[in-house]
Structures are given as structure tokens and as C-alpha cells.
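Below: the structure, in C-alpha cells.
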Number of protein chains: 2
Amino acid sequence: MAEGRFSWREARAEILRRIRTGIWPPGSQIPYEEALAEEFGCGRGLVNRALQELAAEGVVERRRKGGTRVTDHPVRRPKLEIPILRQEVEARGGVYGHLLLARVLEPAPLEIRGRLKLSAAAELLHLRTLHLADGAPYAHERRWISPAGAPGVLEADFTKISANEWLLRHAPYDFGEMSIGAETADPEAAAILGASPGAPLLSVERTTWRKGEGEEPAPITFARQLHPPGHRLKAEL
Amino acid sequence: MAEGRFSWREARAEILRRIRTGIWPPGSQIPYEEALAEEFGCGRGLVNRALQELAAEGVVERRRKGGTRVTDHPVRRPKLEIPILRQEVEARGGVYGHLLLARVLEPAPLEIRGRLKLSAAAELLHLRTLHLADGAPYAHERRWISPAGAPGVLEADFTKISANEWLLRHAPYDFGEMSIGAETADPEAAAILGASPGAPLLSVERTTWRKGEGEEPAPITFARQLHPPGHRLKAEL
DNA sequence: GAAATTAATATGTCCGCACATATTCACCGC
DNA sequence: GCGGTGAATATGTGCGGACATATTAATTTC
């Protein structure tokens with residue numbers, strides 16, 4: 001051992017190493033911040049910072065009085081690289097474009113009400129959009145937007161700006177979830193995407209909410225994007 | 001304004017709010033740490049911490065001398081919730097199990113050499129595993145492991161411990177990448193997973209490397225997991 | 001013995017200061 | 001002009017101390 005002056009990054013790396021090599025196995029408790037600080041030859045603040053980062057990543061769990069222990073499955077959670085379509089396209093050097101295929105105000109279908117956790121039936125703005133990369137189909141999107149969660153959405157012109165980007169600017173979300181799966185192309189989606197019916201499509205669903213002032217969260221939007229065959233999402237581990 | 005004593009979380013939230021509501025539009029420069037600290041009524045350390053987190057999330061970019069500016073696409077990158085199969089199954093209250101279907105030592109196929117960025121042809125351990133949840137097929141995995149990157153792998157008994165968990169303990173990775181897509185079930189995969197041929201399967205590929213001491217990174221493993229129809233990955237936004 | 005109170009303790013947060021480091025910008029000599 | 005040099009400056013990192021907060025353990029009280 002005999003370390004000399006760890007930086008907080010080095011401290012984090014060393015702690016992670018000890019966890020991954022089994023020196024501190026899953027479920028075990030690890031030394032207190034002060035003890036580690038002394039061993040690493042640095043202040044408690046640095047160890048605290050290192051441990052807090054690892055806790056945020058899900059590698060360790062911390063509780064006041066009771067110390068820090070290794071998670072049952074100490075693995076860092078992968079981060080998806082590009083969550084926004086336009087960015088995704090432009091990162092590949094393509095030209096992004098979008099076509100508004102349909103726009104209707106309609107009562108929320110039962111499935112969508114469930115996704116948005118809407119208690120009462122309400123009118124939602126339903127959009128169908130085709131996203132393009134260099135003019136070629138990139139994703140077919142069906143989106144439902146709650147006018148209550150996104151004030152002004154009924155006046156927006158989604159032929160000019162994509163719903164995604166409009167919402168980003170005018171109805172920022174506080175939290176949300178994303179779900180990824182594989183689906184079969186129905187005839188309509190296949191035609192729009194230029195795929196053969198029955199082809200496997202990557203399906204990406206996003207739901208977002210806004211956490212009001214003290215009230216309970218208000219749903220903003222639910223969107224399902226279908227990508228043509230061959231499309232892959234990337235994440236770093 | 002007239003704020004009173006921000007915590008660093010509040011500072012981060014306030015900065016994020018200003019970015020998302022367009023007060024600080026994409027590409028623009030935001031005030032210096034000291035100015036913000038004064039406005040928020042807290043020390044520079046807290047503002048620094050808030051901004052560093054936002055920088056890590058990709059919302060802002062920071063450079064010494066030259067300040068902090070909002071990213072072109074200030075969006076937080078989603079984090080996948082459950083990256084490990086056993087954890088995934090057990091989180092749903094299921095019982096995890098696995099079956100080793102095949103184990104051969106063979107020269108690296110060309111495609112796999114590409115994934116692992118292997119320059120020369122080398123013998124890799126090729127495994128085929130069926131992962132089970134409550135006895136039902138949960139994922140079909142094909143994995144290639146480099147004995148050079150994972151010493152001792154040839155002696156491991158993968159009927160007892162899954163390759164995933166063995167690698168986690170004995171050949172920890174430093175970095176890696178993950179790729180998600182949709183594929184059609186070939187007859188073999190369909191039979192193993194109990195799906196009909198041609199059904200859409202979610203495909204999850206992982207590649208990991210270890211960054212040696214000064215040398216260049218050594219590939220550890222490449223794995224492709226195919227999930228039965230209906231399976232979805234979840235992430236939080 | 002059970003319940004309530006109190007003490008002990010590990011982490012969470014914060015400040016003020018100091019110095020390191022990278023980058024930019026103005027200045028200078030030619 | 002032009003290239004090089006050095007000062008200015010914003011962020012990066014770190015210390016040591018202080019107090020807050022949550023949780024556990026010990027102690028007292030009924």
C-alpha cells in the first residue's frame with residue numbers, strides 16, 4: 001500500500017478497484033470516510049466526494065451512522081449517449097428533417113392514459129411525425145401531449161419546429177422514463193419507414209412529467225418512436 | 001430574485017431551470033462561479049459542484065478561463081436502470097437461472113474480431129448460454145471471451161456461475177460500450193427462446209475492455225443477448 | 001420489561017482560504 | 001504584421017474546521 005496523496009479521482013478509482021476485485025465484496029461494509037482519508041493521505045472531503053459519486057452510480061449505499069456498504073450488484077449504470085433525434089442524426093453527419101403527418105385533438109386512448117397516469121379522461125394532442133436523416137426515414141413517431149402539462153401547445157406550429165424541440169423549450173420536464181423494445185412493423189409503419197411488413201423495429205417510448213410547486217406531478221407527453229431495421233442505440237458502460 | 005442561501009442542489013436546479021426555460025439559451029455563456037455564488041448567497045464551492053454535475057451530465061461545457069457555456073443540446077443523458085440480467089430478473093421477483101448450452105475454444109470470427117478491435121487472430125472462448133427467469137427463457141446469449149483479457153477463464157466452470165458474474169469478479173472492466181437493436185428471430189434462437197420464427201427480438205450487445213498499466217486497452221469480452229418478444233429495457237430520464 | 005429520552009456517531013453540507021492548471025489576451029520586440 | 005512571451009483569469013482541486021441531520025445504541029423512566 002503506502003499511498004501518497006490521493007486525488008479524489010484516484011480515491012474513487014481505488015475504491016472501485018477494491019470492490020471489483022472482491023477485496024470489499026457485495027453487501028460488505030467499507031471503512032469510514034475518516035479511516036479511508038487517513039489511508040489515502042487526503043482530507044475527508046475528498047473521500048466523501050468519491051463515495052458520493054459511487055453512491056450516485058449505484059455502486060455503494062450510504063446511510064448516516066451505519067456507514068457505507070457495497071451494493072448487492074455493484075455495477076455502474078450505462079448511460080445512453082444520444083437521447084435526442086436531431087442530435088443523433090447530426091452526430092452522424094446527416095441533415096435532420098421532419099414531416100408532420102397528422103395532428104388531431106382527441107380524448108386520450110386508454111393505453112395512453114395509463115402511460116401518463118391520467119386519472120380522468122382528457123383531450124390530448126395527438127401527433128404523427130416522420131423524422132428524416134438526409135431525406136431518408138429515420139423514425140416514425142406517435143406522440144400525445146397534454147395541453148394541461150404543456151400550455152400553449154395547441155397554438156404551436158409543428159410543421160416548423162418538431163414537437164420534441166418545442167417541448168424542450170416551452171414545457172421542460174422534471175423527470176421521466178424511457179422504455180426500449182422490439183416490435184413487428186405493421187403495414188402502415190412499414191410503408192412509412194420503407195421497411196417490409198413484419199420487419200423488426202426498434203421501439204423507443206418516452207414519458208415525461210413536470211413536478212409542480214407542491215402539487216402532484218403533471219404529465220406532459222408520451223411518445224413512441226419506431227426506427228427502421230438495423231437501427232441501434234448506443235450507450236457507454 | 002433575492003434568494004436566500006442556496007444549497008448546491010438548489011443551485012443546480014435553478015441553473016437547470018434557467019437553461020431549460022431559455023433564460024440561458026443553448027450556446028450562450030453563463031455567469032462565472034463567483035457571480036452566481038454571490039447571487040445565490042452561497043460559497044463558490046457549491047456553485048462549482050452544481051456546475052460540475054451539469055457538465056458531467058452534458059448540459060454545460062466548461063473550460064478554464066473562458067467560463068461555462070450551455071451545450072448545443074442541453075439534455076440529460078438517460079441512465080439505464082438494470083444492466084445485469086440476474087438483477088433484472090430478481091428485481092421482478094423472479095428466480096434467476098442459467099444453462100450453459102455450448103462451450104468451445106475457437107479462432108475469433110471476423111465480426112467478433114472487429115467488435116473487440118483485435119488486430120491479430122486469437123483463440124477466444126465462445127459460450128452459448130440460456131438465461132432463465134422462473135424457469136422460462138429470459139435471454140439467449142452468445143459470448144466471446146479473450147483469455148488474454150480474462151486470465152483463468154479457461155478453468156472456470158460456467159455451469160455453476162454465469163460468465164457474466166464470473167467476469168465481474170475475476171476480470172473487471174475499465175470501460176465498455178453497449179448497443180441495443182431489434183432483430184428477427186432465426187429458427188435456432190426462436191426455438192430456444194420459445195418464440196415463433198421471424199418474431200422481433202430485442203438485441204443487447206456489450207463489449208468491455210480493460211485499460212492496463214500504460215499499455216493499450218485489452219479486450220475482455222463481447223456478448224450479444226437476444227430477448228424474447230415483449231421484453232423492454234427501462235431507463236430514467 | 002417496555003417505552004421514552006438521551007447520547008454517540010457517520011455521513012451531509014458548507015465556508016473561507018489557498019494554490020494548481022489551462023486558456024486567453026495584451027503586450028513587446030523584431 | 002507576426003510570432004513569442006508573460007500576465008490575467010476562470011475553473012479545478014484541496015484542506016481544515018464547523019455545524020446539521022439521520023440513525024443507532026445506551027440509558028433512564030414508568
Side-chain angles (χ1 to χ4, degrees), chain A residues 1-19 23-72 74, chain B residues 1-19 23-72 74:
Chain A
M1 282 313 100
E3 326 293 0
R5 301 275 114 188
F6 269 31
S7 74
W8 72 269
R9 286 171 198 281
E10 289 167 331
R12 186 188 55 182
E14 173 64 14
I15 293 165
L16 202 53
R17 191 186 68 78
R18 293 188 187 180
I19 290 173
I23 297 177
W24 293 334
S28 68
Q29 187 163 358
I30 77 179
Y32 306 131
E33 292 183 350
E34 257 182 286
L36 286 176
E38 192 178 351
E39 185 195 339
F40 292 164
C42 62
R44 184 172 77 93
L46 301 198
V47 177
N48 181 284
R49 173 137 201 208
L51 286 172
Q52 282 202 37
E53 274 222 350
L54 293 174
E57 284 169 349
V59 177
V60 298
E61 284 170 348
R62 322 193 70 202
R63 287 171 63 187
R64 285 173 174 163
K65 166 101 189 179
T68 305
R69 48 183 58 245
V70 182
T71 311
D72 284 340
Chain B
M1 278 320 91
E3 325 294 359
R5 303 270 114 187
F6 269 30
S7 73
W8 72 267
R9 286 170 198 281
E10 289 168 329
R12 186 189 56 183
E14 173 62 17
I15 293 166
L16 203 53
R17 190 187 68 79
R18 293 190 188 178
I19 290 174
I23 296 176
W24 293 334
S28 68
Q29 186 162 4
I30 77 180
Y32 306 130
E33 292 183 351
E34 256 181 286
L36 286 175
E38 193 178 352
E39 186 194 339
F40 292 163
C42 61
R44 184 171 77 92
L46 300 198
V47 177
N48 181 282
R49 172 130 201 215
L51 287 172
Q52 283 203 33
E53 273 220 359
L54 293 173
E57 285 169 348
V59 176
V60 298
E61 284 170 349
R62 324 193 68 203
R63 286 169 62 188
R64 285 173 172 160
K65 165 101 188 177
T68 304
R69 47 183 58 247
V70 182
T71 312
D72 284 341

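Heavy atoms only: backbone and side chains are in, while hydrogens, waters and symmetry mates are out. Just so it is clear, the structure is predicted and the values come from calculations on it, not from any experiment.
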Where do A:S7 and A:L46 land on the side-chain contact (heavy atoms from CB on, under 4.5 Å) test, with the steps shown first? CA-CA 7 Å; A:S7 74; A:L46 301 198; 5.7 Å; no

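Within 4.0 Å (heavy atoms only), B:Q52 reaches sugar-phosphate atoms of the nucleic acid but no base atom. Nucleic acid contact class of B:G43 (heavy atoms, under 4.0 Å, all strands): sugar-phosphate only. Using a 4.0 Å heavy-atom cutoff across all strands shown, B:G67 reaches sugar-phosphate atoms only and no base atom. A:R49 comes within contact range of no nucleotide atom at all, as no heavy-atom separation falls under 4.0 Å.
A search for side-chain contact (heavy atoms from CB on, under 4.5 Å) contacts involving A:E38 returns nothing, not counting sequence neighbours. With sequence neighbours excluded, the residues forming a side-chain contact (heavy atoms from CB on, under 4.5 Å) with A:R49 are A:W8, B:Q52, listed by chain and number. Residues passing the side-chain contact (heavy atoms from CB on, under 4.5 Å) test with A:P26 are A:P74, B:R169, sequence neighbours excluded.
Looking only at side-chain heavy atoms (C-beta outward), A:L51 and A:I30 come within less than 4.5 Å of each other. Here the side chains of A:V47 and A:C42 are in contact, with some heavy-atom distance below 4.5 Å.
If you take CD of A:E33 and C1' of D:dC15, they are 15 Å apart, rounded to a whole angstrom. A:W8 has its CH2 atom 11 Å from the P atom of D:dG12, to the nearest Å. If you take CG of B:L46 and P of D:dG14, they are 17 Å apart, rounded to a whole angstrom. Between the CD atom of B:E53 and the C1' atom of D:dG12 there is a distance of 16 Å, rounded to whole Å. Between the CG atom of B:L54 and the C1' atom of D:dT11 there is a distance of 15 Å, given to the nearest Å. Atom pair B:L51:CG and D:dT13:P shows a separation of 13 Å (rounding to whole Å applied).
Protein chain B contacts DNA chain C over a range whose 5' and 3' limits, counting nucleotides with an atom under 4.0 angstrom from a non-hydrogen atom, are C:dT13 to C:dT24.
For B:R44 against D:dG12, a side-chain-to-base donor-acceptor contact under 3.5 Å is present.
A distance-only check finds no donor-acceptor pair linking the side chain of B:R18 to the backbone of B:W24 [under 3.5 Å].
Residue A:E34 places its CD atom among 12 or fewer non-hydrogen atoms of other residues, nucleotides or ligands, all under 6.0 Å distant.
For the pair B:N48 and D:dG12, the criterion of a side-chain N or O lying under 4.0 Å from OP1 or OP2 is met.
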Identify all side-chain donor-acceptor contacts of residues 53-62 of chain B below 3.5 Å with residues at least two apart in sequence or on another chain.
| unit_1 | atom_1 | unit_2 | atom_2 | d |
| --- | --- | --- | --- | --- |
| B:E53 | OE1 | B:R12 | NH1 | 2.5 |
| B:R62 | NE | B:T68 | OG1 | 3.1 |
| B:R62 | NH1 | B:E33 | OE2 | 3.2 |
| B:R62 | NH2 | B:E33 | OE2 | 2.6 |
| B:R62 | NH2 | B:T68 | OG1 | 3.4 |

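Closest-nucleotide positions on DNA chain D for A:G66 and B:E34 were compared, and the one nearer the 5' end corresponds to B:E34.
Applying a 4.0 Å cut-off to non-hydrogen atoms, the residues of residues 58-65 of chain B that approach DNA chain D are B:R62, B:R63, B:R64, B:K65, listed by residue number.
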